[in-house]
Amino acid sequence: MGKRICLSGWAKCLILLLPGWLVLSGCSEALSVSATPAKGVDRIQRQDTSLDVYCSSGICSFELESNQKVMLSVSMFYGEEQPFTKIEGVSVTGESGATLNMAGQYQFTLEIAPQNTPVTVQVVDYYR
């Protein structure tokens with residue numbers, strides 16, 4: 001017969017807990033957020049979880065995707081240093097619409113999570 005190995009209580013705990021810890025901490029990937037112009041968007045600048053969306057006409061739409069759940073802060077501009085005067089409406093397709101909160105005259109926050117289709121956001125400025 002082979003040798004029998006006895007493990008202490010600590011060793012047994014490590015053997016049981018280590019695989020779970022590795023799964024939770026070792027496999028997380030870096031946050032990836034994608035913002036794609038759909039209609040009327042001149043450009044989108046992204047920095048971490050903030051988006052500056054430039055829309056000279058005051059009416060535009062764009063798509064958002066992320067590889068993990070994230071709260072985004074979106075600021076709307078006509079052009080450089082020209083924020084929207086006042087957002088009249090924001091429409092969001094998908095489950096993320098329930099997380100929309102207005103954060104100012106030209107800003108809103110939105111939580112997005114990974115899903116099969118991109119989240120579509122349409123924004124209309126009051127004075128378009």
Side-chain angles (χ1 to χ4, degrees):
M1 271 218 156
K3 267 186 171 176
R4 187 170 182 177
I5 299 173
C6 290
L7 297 174
S8 69
W10 285 106
K12 291 176 185 175
C13 286
L14 282 175
I15 289 172
L16 290 174
L17 297 176
L18 189 60
W21 178 77
L22 288 174
V23 167
L24 291 176
S25 64
C27 296
S28 64
E29 58 185 294
L31 174 65
S32 173
V33 175
S34 170
T36 307
K39 190 173 184 182
V41 174
D42 301 323
R43 75 178 194 273
I44 300 174
Q45 291 180 321
R46 184 180 76 81
Q47 185 173 12
D48 298 323
T49 58
S50 296
L51 298 174
D52 289 345
V53 180
Y54 293 86
C55 171
S56 56
S57 70
I59 301 173
C60 58
S61 61
F62 51 95
E63 295 179 341
L64 300 172
E65 293 181 277
S66 178
N67 65 338
Q68 48 186 278
K69 195 174 195 179
V70 63
M71 182 66 75
L72 296 176
S73 175
V74 181
S75 299
M76 300 298 301
F77 295 89
Y78 293 114
E80 281 301 319
E81 303 299 318
Q82 292 180 302
F84 273 25
T85 309
K86 181 181 178 183
I87 293 176
E88 179 179 345
V90 180
S91 171
V92 181
T93 60
E95 298 172 12
S96 298
T99 66
L100 177 75
N101 287 309
M102 296 306 296
Q105 296 289 324
Y106 65 98
Q107 298 172 316
F108 58 91
T109 60
L110 175 69
E111 185 176 76
I112 63 169
Q115 54 186 49
N116 292 333
T117 57
V119 173
T120 301
V121 180
Q122 182 175 6
V123 183
V124 178
D125 182 64
Y126 185 76
Y127 295 104
R128 68 195 168 286

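Heads up: numbering here begins at 1 and tracks the sequence. On a predicted model such as this, the values are computed, not experimentally measured, just so you know.
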Hey, any chance M102 and M71 share a hydrophobic cluster, counting ILVMFWY side chains that come within less than 4.5 Å of each other, even indirectly? no
Whether T93 side chain and T120 backbone form a donor-acceptor pair below 3.5 Å: yes
Just how far is it from atom CG of L51 to atom CD of Q107, taken to the nearest 0.5 Å? 11.5 Å
Same cluster or not: are V121 and Y126 linked, directly or through other Ile, Leu, Val, Met, Phe, Trp or Tyr residues, by side-chain heavy atoms under 4.5 angstrom apart? yes
Can you measure from CZ (F62) to OG1 (T36) and round to the nearest 0.5 angstrom? 10.5 Å
What do the steps show when you test Y54 against Q82 for side-chain contact (heavy atoms from CB on, under 4.5 Å), and what is the final call? CA-CA 9 Å; Y54 293 86; Q82 292 180 302; over 6 Å; no
Would you find more than 12 non-hydrogen atoms of other residues, nucleotides or ligands less than 6.0 Å from E80 atom CD? yes
Which heavy-atom pair separates G40 from S57 by the least distance, and what is that distance? O-OG, 4.5 Å
Is R46 reaching over with its side chain to a backbone N or O of V33, donor-acceptor style, under 3.5 angstrom? yes
Check I44 against A35 and note the closest heavy-atom contact, atom names and distance. CG2-CB, 3.8 Å
Tightest non-hydrogen contact, residues K69 and P114, listed as N-CD, 3.8 Å
For E29 and N67, which heavy atoms make the closest approach, and how far apart are they? OE1-ND2, 3.2 Å
Rounded to the nearest 0.5 Å, what's the gap from OG on S56 to CZ on R43? Could you check? 10.5 Å
Looking at CD of Q47 and OG of S73, how far apart are the two atoms once the value is rounded to the nearest 0.5 Å? 11.5 Å
To the nearest 0.5 Å, atom CD1 of I59 lies from atom CD of Q122 at 8.0 Å
Shared hydrophobic cluster, L72 / L31 (ILVMFWY, side-chain heavy atoms < 4.5 Å): yes
V119 versus Q115, closest heavy-atom pair with distance: CG2-NE2, 3.5 Å
Give a yes or no on whether the backbone of K86 and the side-chain of D125 come within a donor-acceptor separation of less than 3.5 Å. yes
Taking the ring centre of each residue, are F84 and Y78 less than 6.0 Å apart? yes
Can you find a pair of side-chain heavy atoms, one from L110 and one from V92, that are under 4.5 Å apart? yes
Any chance you could measure L100, atom CG, to E111, atom CD, to the nearest 0.5 Å? 12.0 Å
